[in-house]
A.B. asks: 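Input: one structure, supplied below.
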2 protein chains.
Amino acid sequence: MANSTPTAAEATPSAPGHRGVTMADVAKAAGVSRTAVSFVLSNRENASISEETKHRILEAVQALGYRPNAGARALASQRSDWYGIVTEIVTAPFAVDIIKGAQDQAWLSRRFLLIAPSDQADAVGPNQGMEDAAFEKLLEQRVEGLLYAATFHRAVHVPKSANEVPTVLINCFDADGKLPSIVPDERAGGRVAVERLLQAGHSRIGVINLDPNIPAAIGRLDGCREALAGAGLELDPDLVVPGYATADGGYEAACQILDKYPAGAGRPTALFCLNDRMAMGAYDAIKERGLAIPQDIAVIGFDNQELIAAYLRPKLTTVALPFEEMGALGVQTLASLTAGQPITAHQQMVDCPLLERYSV
Amino acid sequence: MANSTPTAAEATPSAPGHRGVTMADVAKAAGVSRTAVSFVLSNRENASISEETKHRILEAVQALGYRPNAGARALASQRSDWYGIVTEIVTAPFAVDIIKGAQDQAWLSRRFLLIAPSDQADAVGPNQGMEDAAFEKLLEQRVEGLLYAATFHRAVHVPKSANEVPTVLINCFDADGKLPSIVPDERAGGRVAVERLLQAGHSRIGVINLDPNIPAAIGRLDGCREALAGAGLELDPDLVVPGYATADGGYEAACQILDKYPAGAGRPTALFCLNDRMAMGAYDAIKERGLAIPQDIAVIGFDNQELIAAYLRPKLTTVALPFEEMGALGVQTLASLTAGQPITAHQQMVDCPLLERYSV
DNA sequence: CTTCTTTAGTAACGCGCGTTACTTCGAGCG
DNA sequence: CGCTCGAAGTAACGCGCGTTACTAAAGAAG
């Protein structure tokens, strides 16, 4: 009576449509118990299975093409080996780099990254619907940790469901200061950019700024000031022109600077553009005036948007945002959190390396 | 004796680290059986649960913050609601658009997209390790269908494990002709591009070609010829210059064309660049010669790489590759396959829309 | 020979849930 | 009053696997 199961067990393997080979099948083929198979496949230390049996089991695994069922494993072992990442995959040409970094790092530690889309630019807005749903869906998959990646460096509010598992923010930080975050070191980036210009002999440097209130602008400009101070110089406020963060914006800002100062008479010999798109526009303004890059005017950008920086003529020297590194570090941080280490609310900053090309 | 479980059940909810609220918890809170909860949550048609009880259960769900366990559900129901997509997320600035399209479409049908990276450019090579592993991992998650997306339109060999579940190729096609695939209609794209130029009054059109052997070049050039033929013209082979698929390549090719023919004396009045990067280089060549776009020379591109096309000055008129649409169509196709419809080996072509900007 | 230890393995439970078969109860009907 | 039948709900099995507790056999020690 207790063994009404055997008959059922015999029926199951050939169930229509269900092609999965299970451990039980392997066990039967190898003439052992399912437990033995499980022991062998999970490389249990103190399992006493003879070499011979082990071999037999592994052969059966091969022969049958057994593939473990990740879901069942997760259910039984109470751990999923999955992390989730929420990001706006659309609007962010580089969100993909964060994903790439995270994905690779996850892959290294045999973990899987579930990617959920979040279709809106700002998480602070009222219609967090999509984003909440994304978190919700990921939690339903029982991810062990969450990553939230923003498209540009900023403060965000994270849905409270994020508190149920360890969560790490990438390229943004928690407005409430609770969650650990990973951001680019904008200030250091701004510093190396301007130091590079100084080193090339430029002392009068024009700056095409972004919206001065965003973290990127604040940090990069600070770094710029630091670099100048290091050389005993000061930032001339007249040389800092705000621009829309587009090629057109950069073009106009560059025109302003170039036309304000005649050649020689105080015209800057170098332009620090706070992003590459604006640098792209600046190129046009410079070329239009018959000036050569970098001979007459050096240009340095920020962001390293490959599609722009590597294809401008001359190729643009710029400071790279370390998206891949941030993604990887995010996963690492998550791993240590899920391993039980305490949450450090502190922000981790990642270096922005200078990419030398030909515009300086 | 049979009920040694209750004690265990009481211990479990407060088990350390395990925060999951289960159906059993909800059932207990609502004073019903777990089955009733299941019935209500899955909206069973012919379940006889009174409105009142249903209400009570839903309230308990809310109160406890119950969240279904997707893994367990998949295990029990033998269906996962997951699709997998394998793609090189790295080298492809637009693979992300395919993912986006697929992701959104999947989301619509309440499905989840598992993304696995494949770190190599060519699937035909010897070291398919990564790619095979990606497929393998996805199958371990018991995905119900697979998508494989290539970074550029080409023939691929797909690991045979892909045969275990329905598989659809995106932006590529099966070298063995077995799997259904979704590709851009390069020919129609080439046609509309050139038709646009013809319509603008150009009859002498230079073409900056890609590697003439890839499907993109073949199709686009064919389309070009069709358009010309439609206007009673023929493609002048002297005006077709191959270029490396980069800005530099486009620059050199454009120089060749422009310098070969003096103004007026047979110089083409329009350039059809088979990709946007080359168009970017062509812009430089044209501007260098003091010519204006589009007044002196019109330029039309292909690919619609936003970062380039939308930021060039003037903004580039180009033909878009329908990545998002292909991704979405991929998921739709997969859905019909998993729903049991027969595999149509035929290729589905997606239109490449013309994007009017200011370079024509 | 008995007892203890080690080796080699196995039976059985439970993870959270979908699902089928069954029970219970009250209303309606003859 | 006995019977049927639908409404409302429940017990119990199994999905594939990790894991714990147990057993059976083969030496080793006394």
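Chain letters run A, B, ... following the sequence lines, proteins first, then strands; residues in each count from 1.
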A.B. asks: Send over the distance from F39(B) CZ to dG18(C) P, rounded to a whole Å.
C.D. replies: 10 Å
A.B. asks: Rounded to whole angstrom units, what separation is found between the CD1 atom of I57(B) and the C1' atom of dC17(C)?
C.D. replies: 15 Å
A.B. asks: Using whole Å, what does the distance between atom P of nucleotide dT6(C) and atom CG of N46(A) come to?
C.D. replies: 14 Å
A.B. asks: Taking atom NZ of K137(B) as the centre, report whether more than 12 heavy atoms of other residues, nucleotides or ligands fall under 6.0 Å from it.
C.D. replies: yes
A.B. asks: Kindly say if R73(A) contacts the phosphate of dC17(D), meaning a side-chain N or O under 4.0 Å from OP1 or OP2.
C.D. replies: no
A.B. asks: Separation of E52(A) atom CD from dG9(C) atom P, in whole Å?
C.D. replies: 8 Å
A.B. asks: Across the strands shown, which category fits S77(B) at heavy-atom distances under 4.0 angstrom: base, sugar-phosphate, nothing?
C.D. replies: sugar-phosphate
A.B. asks: I'd like to know if R34(A) reaches the base of dG18(D) with its side chain such that a donor and an acceptor end up less than 3.5 angstrom apart.
C.D. replies: yes
A.B. asks: What distance do I115(B) atom CD1 and L114(A) atom CG have between them, rounded to the nearest 0.5 Å?
C.D. replies: 9.0 Å
A.B. asks: Any side-chain N or O of T53(A) less than 4.0 Å from the OP1 or OP2 oxygen of dG9(C)?
C.D. replies: yes
A.B. asks: On DNA chain D, does the nearest nucleotide to S33(B) precede the nearest nucleotide to R44(A) from the 5' side, or the other way round? Give the residue.
C.D. replies: S33(B)
A.B. asks: Quick one: pull up CE in M326(A) and CG in D97(A) and give me the separation to the nearest 0.5 Å.
C.D. replies: 9.5 Å
A.B. asks: dC17(C), dT7(C), dC15(C): which one has an atom nearest the side-chain heavy atoms of S48(A)?
C.D. replies: dT7(C)
A.B. asks: Under 4.0 Å: is that the gap between some side-chain N or O of S50(A) and OP1 or OP2 of dT7(C)?
C.D. replies: no
A.B. asks: Expressed as a whole number of angstroms, how long is the span from K28(B):NZ to dT10(D):C1'?
C.D. replies: 17 Å
A.B. asks: Select base, sugar-phosphate, or nothing to describe what I49(B) touches, counting heavy atoms under 4.0 Å on all strands.
C.D. replies: sugar-phosphate
A.B. asks: Nearest-Å distance, OH (Y66(B)) to P (dG16(C))?
C.D. replies: 10 Å
A.B. asks: Any ion pair linking R73(B) and E140(A) (charged N to carboxylate O, less than 4.0 Å)?
C.D. replies: no
A.B. asks: Hey, which of V165(A), V143(A), V86(A) is the one that makes side chain to side chain contact (heavy atoms under 4.5 Å, CB included) with F135(A)?
C.D. replies: V86(A)
A.B. asks: Whole angstrom is fine here: how far is it from CD in Q78(B) over to P in dT20(C)?
C.D. replies: 13 Å
A.B. asks: To the nearest Å, how far apart are L75(A) CG and dG18(D) P?
C.D. replies: 11 Å
A.B. asks: Which nucleotide sits closest to the side chain of T35(B): dG18(D), dA8(C), dA12(D)?
C.D. replies: dA12(D)
